[in-house]
Amino acid sequence: MRIRTIKPEFFTDSKLGRLSPLHRILFTGLWTQADREGRLKDDPDHLKVVLLPFDDCKTETLLTDLSTARLIIRYLSTGISYIAIPHFLQHQRPNLREPASTIPPPPKHSLARAKHNLARAKPVPECSGREREGNGKGTEGNTTSVPDGTPISSPDQLM
């Protein structure tokens, strides 16, 4: 079982305060899905079911906004999409009995880039709980590939 904590400072953090309540719920919910290193599979449909089952929203859009705000890192490894929470171990104390992570870490340049851009993050547009029009993917028809040929659909996957 994964038990995570929320520090009182979470509620007054100005960067988080720029986000909608659904963004903040999803962000804290990601902690409960993350392994002991703060990593999890990037599966918006699954995350919607387990974290926001009663909300009319598109988790893909919310995850993209969290990535834009540099609160999460979305990346590919061996063709699989993952999420890393950059400062997870500074705020969480996973139980020593939790199994070791089997998810590869994000590329080192992703972490350095996230730290560098942390202070420069722009406010995320307000989300009322009802997402923007579209299919929820937000990147349909916009794919490219990285040097190893892995297709990507978002610049955040290059981080």
Side-chain angles (χ1 to χ4, degrees), residues 1-106 110-111 114 117-118 121-140 142 152-159:
M1 175 177 255
R2 295 181 178 143
I3 297 174
R4 306 297 187 223
T5 60
I6 299 175
K7 294 179 179 178
E9 296 82 21
F10 173 87
F11 300 100
T12 57
D13 183 280
S14 62
K15 186 174 178 181
L16 288 167
R18 291 183 218 145
L19 300 171
S20 75
L22 277 178
H23 286 95
R24 293 188 296 252
I25 291 169
L26 178 61
F27 181 56
T28 55
L30 293 176
W31 306 345
T32 67
Q33 301 302 301
D35 64 21
R36 67 177 297 117
E37 298 295 325
R39 301 179 207 136
L40 62 149
K41 283 192 178 176
D42 189 345
D43 184 346
D45 293 333
H46 173 75
L47 293 170
K48 167 74 170 111
V49 170
V50 298
L51 299 176
L52 298 169
F54 303 112
D55 296 294
D56 182 17
C57 64
K58 293 187 173 78
T59 52
E60 174 60 36
T61 302
L62 296 170
L63 290 168
T64 298
D65 293 344
L66 290 173
S67 179
T68 299
R70 305 293 190 233
L71 293 167
I72 62 171
I73 297 170
R74 299 177 92 182
Y75 63 102
L76 287 175
S77 180
T78 62
I80 301 171
S81 297
Y82 296 105
I83 293 172
I85 303 167
H87 302 288
F88 184 80
L89 291 175
Q90 292 174 7
H91 302 285
Q92 299 298 317
R93 302 290 180 257
N95 189 304
L96 295 176
R97 289 182 237 155
E98 271 188 53
S101 180
T102 58
I103 296 175
S110 297
L111 295 173
N117 290 322
L118 189 62
K122 295 179 182 178
V124 176
E126 184 61 31
C127 175
S128 67
R130 298 209 184 273
E131 295 304 319
R132 297 180 274 257
E133 296 294 319
N135 66 356
K137 299 295 181 194
T139 55
E140 187 174 323
N142 279 338
I152 61 166
S153 56
S154 167
D156 291 324
Q157 290 177 314
L158 290 173
M159 290 186 7

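All residue numbers refer to positions in the sequence shown, counting from 1.
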- Straight-line distance of Lys41 NZ to Gln33 CD, nearest 0.5 Å: 13.0 Å
- Taken to the nearest 0.5 Å, the spacing of Glu37 CD from Thr102 OG1 works out to 11.0 Å
- When rounded to the nearest 0.5 Å, the distance separating CG of Leu30 from CG of Leu66 is 6.5 Å
- Task: Quick one: closest heavy-atom pair of Ile85 and Ala34, and the distance?
- Result: CD1-CB, 4.1 Å
- Once you round to the nearest 0.5 Å, how far does CG of Asp56 lie from CG of Leu22? 9.5 Å
- Less than 4.5 Å apart, any side-chain heavy atom of Ser67 and any of Ile73? no
- Message: Counting C-beta onward and ignoring hydrogens, is there a side-chain heavy-atom pair between Phe27 and Leu62 closer than 4.5 Å?
- Response: no
- Closest heavy-atom pair, Leu19 versus Arg24, reported as atoms and distance to 0.1 Å, is O-NH1, 2.7 Å
- Any idea which heavy atoms bring Ile83 and Leu47 closest together, and the distance? CD1-CD1, 4.2 Å
- Considering all heavy atoms of both residues, which atom of Pro44 and which atom of Glu60 are nearest to each other, and what is their separation? CG-OE1, 3.1 Å
- Query: For Ile25, what residues pass the side chain to side chain contact (heavy atoms under 4.5 Å, CB included) criterion, not counting sequence neighbours?
  - Reply: Leu52
- Under 3.5 Å, is there a donor-acceptor pair linking the side chains of Arg74 and Thr64? yes
- Distance from Thr59 atom OG1 to Asp43 atom CG, nearest 0.5 Å? 8.0 Å
- Item | Rounded distance [0.5 Å steps], CG in Asp65 versus OG in Ser20 | 8.0 Å
- Query: So which heavy atom on Gly29 is nearest to which on Thr32, and how close?
  - Reply: O-OG1, 2.6 Å
- Whether Tyr75 and Tyr82 hold their rings parallel, tilted or perpendicular, with breakpoints at 30° and 60°: tilted
- Query: Is the closest side-chain donor-acceptor distance between Arg39 and Ser101 under 3.5 Å?
  - Reply: yes
- Item | Side chain to side chain, Leu16 and Phe11, heavy atoms closer than 4.5 Å | no
- Query: Short question: side chain of Asp13, backbone of Lys15 - any donor-acceptor pair under 3.5 Å?
  - Reply: yes
